[in-house]
**Q** 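Attaching a single structure in structure tokens format; questions to follow.
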Amino acid sequence: MKVSEQKRQQILDTAHDLFLEKGFATTAMHQVAEQAEVSKRTLYRHFPTKEVLFAHVLGGLAERCVAQVNQTYQPDTPLEPQLRSLLHAKLEILADPAYVTLARIGIPEVLADPERAQQLTELLNATPGPLLHWLEAAAADGHLEKKDVMYAGRHMQGILDTFAFWPQLLTGAPRLDRNEESRVVDTALTTFLQQYAKKAKS
């Protein structure tokens with residue numbers, strides 16, 4: 001790992017701990033720089049605002065969870081089992097205690113400011129994750145419609161969030177049990193494949 005990549009990871013790890021300990025509003029960028037043992041210039045070169053930093057901390061947690069499964073598109077394997085694996089991995093992300101805690105700490109504070117809320121939403125939507133990479137590869141291979149791949153990914157994520165993120169974040173609802181998770185994945189899969197899978201020409 002290059003020195004710049006090491007410093008970037010130090011910043012993310014430190015910010016993760018500070019956000020959990022102090023909350024989003026009371027964590028200052030200079031505190032992150034001090035505890036990560038980097039200069040403010042280095043910090044702002046990687047993450048120009050606290051919202052950007054927060055979005056990358058959440059994104060890093062998500063990537064680590066998905067990395068536990070094989071998220072690389074497999075051209076010789078049917079779409080459904082690959083997607084099913086990815087969706088179950090994404091549900092693990094949404095139920096991960098660290099992810100839920102960070103989201104509960106940071107998102108309500110960000111949402112209280114419309115400008116910051118819009119910025120965070122755009123950042124999270126624009127961050128390419130394993131699901132988006134998989135969708136782009138499947139589209140390039142001719143198995144998904146190539147138009148609006150980003151939209152398709154957000155549609156899929158929206159279905160998962162409706163049942164396995166927002167109720168838990170906003171009302172403290174418990175994690176879905178295995179049967180409920182399977183039902184959500186089945187619904188997301190059916191909806192997605194009907195809408196976006198490339199139809200065979202007759």
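Source: prediction; values computed, not measured. Side chains included, hydrogens not; waters and symmetry mates left out as well; all remaining heavy atoms used.
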**Q** Could you state the interatomic distance from CD (Gln9) to CD (Glu5), rounded to the nearest 0.5 Å?
**A**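 Going from CD on Gln9 over to CD on Glu5, the span is 10.0 Å.
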**Q** Please find the pair of heavy atoms, one from Leu12 and one from Phe47, that lie closest to each other, and give the distance.
**A** CD2-CZ, 3.6 Å
**Q** About how many Å separate CD1 of Ile105 and NZ of Lys22, when rounded to the nearest 0.5 Å?
**A**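 Separation between the atoms: 12.0 Å.
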**Q** Please enumerate all residues that pass salt bridge (charged side-chain N to carboxylate O under 4.0 Å, His left out) together with Arg41, with sequence neighbours excluded.
**A** none
**Q** If the plane angle is over 60° it's perpendicular, under 30° parallel, otherwise tilted; pick one for Tyr73 and His143.
**A** tilted
**Q** Flag the pair Thr190 / Gln194 as yes when at least one side-chain heavy-atom distance between them is below 4.5 Å, and no otherwise.
**A** yes
**Q** Give me the one residue out of Val185, Leu189, Thr191 that meets side chain to side chain contact (heavy atoms under 4.5 Å, CB included) with Thr187.
**A**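 Of the listed residues Val185, Leu189, Thr191, the side chain to side chain contact (heavy atoms under 4.5 Å, CB included) partner of Thr187 is Thr191.
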**Q** How long is the gap from CD on Glu136 to CE on Met150, to the nearest 0.5 Å?
**A**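 Rounded to the nearest 0.5 Å, the CD-CE separation comes out at 7.5 Å.
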**Q** Between Ile11 and Leu53, is there a side-chain heavy-atom distance shorter than 4.5 Å?
**A** yes
**Q** Taking all heavy atoms of Leu135 and all of Ala152, pick out the closest pair and write down the distance.
**A**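 Heavy atoms only, the tightest pair is CD1-C, 4.5 Å.
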**Q** Using 0.5 Å steps for rounding, measure from the CG atom of Asp96 to the CG atom of Leu91.
**A**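 One gets 12.5 Å once the value is rounded to the nearest 0.5 Å.
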**Q** Are Leu58 and Trp166 connected in the hydrophobic side-chain network, where two residues link if heavy atoms are under 4.5 Å apart?
**A** yes
**Q** Between Gln168 and Pro174, is there a donor-acceptor pair closer than 3.5 Å when you use the side chain of the first and the backbone of the second?
**A** yes
**Q** Taking the side chain as every heavy atom from C-beta outward, state whether His46 and His56 have any atom pair closer than 4.5 Å.
**A**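 His46 does not reach His56 side chain to side chain.
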**Q** Give the cluster check for Val100 versus Leu94: same hydrophobic cluster or not, with ILVMFWY residues linked at side-chain heavy-atom distances below 4.5 Å.
**A**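 No; tracing contacts between hydrophobic side chains, which count when under 4.5 Å, never links both residues.
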**Q** If I compare all heavy atoms of Leu20 with all of Thr101, which pair ends up nearest, and what's the gap?
**A**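 For Leu20 versus Thr101, the nearest heavy atoms are CD2-CG2, 3.4 Å.
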**Q** Are any non-hydrogen side-chain atoms of Phe19 and Val32 less than 4.5 angstrom apart?
**A** no
**Q** Taking atom CD of Glu180 as the centre, does the number of heavy atoms from other residues, nucleotides or ligands within less than 6.0 Å exceed 12?
**A** yes
**Q** Any idea which heavy atoms bring Leu102 and Phe54 closest together, and the distance?
**A**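 Smallest heavy-atom distance, with atoms named: O-CZ, 3.5 Å.
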**Q** What pair of heavy atoms forms the shortest contact from Ala138 to Leu79, and how long is it?
**A** CB-CD2, 4.3 Å
**Q** About how many Å separate OH of Tyr44 and NZ of Lys50, when rounded to the nearest 0.5 Å?
**A** 9.5 Å
**Q** Is a side-chain donor or acceptor of Gln195 paired with a backbone partner of Phe192 at a separation under 3.5 angstrom?
**A** no
**Q** Under the salt bridge (charged side-chain N to carboxylate O under 4.0 Å, His left out) rule, collect the residues that match up with Arg84, sequence neighbours excluded.
**A** Glu80, Asp186
**Q** For residues Thr72 and Gln82, report the shortest heavy-atom separation together with the two atoms involved.
**A**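 Reported closest heavy-atom pair: O-OE1, 3.9 Å.
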**Q** Is any NZ, NE, NH1 or NH2 atom of the basic residue among Arg175 and Glu92 found under 4.0 Å from an Asp or Glu carboxylate oxygen of the other?
**A** yes
**Q** Would a 4.5 Å heavy-atom cut-off, applied to side chains only, mark Tyr196 and His155 as touching?
**A**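 Sidechains of His155 and Tyr196: in contact.
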**Q** Taking atom NE2 of His30 and atom CD of Gln35, what is their separation to the nearest 0.5 Å?
**A**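 If we round to the nearest 0.5 Å, His30:NE2 and Gln35:CD are 10.5 Å apart.
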**Q** Looking at residues at least two apart in the chain, or sitting in another chain, which of them share a salt bridge (charged side-chain N to carboxylate O under 4.0 Å, His left out) with Arg104?
**A**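 In terms of salt bridge (charged side-chain N to carboxylate O under 4.0 Å, His left out), with neighbours along the sequence ignored, Arg104 is linked to no residue.
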**Q** Does the side chain of Thr14 come within less than 4.5 Å of Val38's, by heavy atoms?
**A**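 Of all side-chain heavy-atom pairs linking Thr14 with Val38, none is under 4.5 Å.
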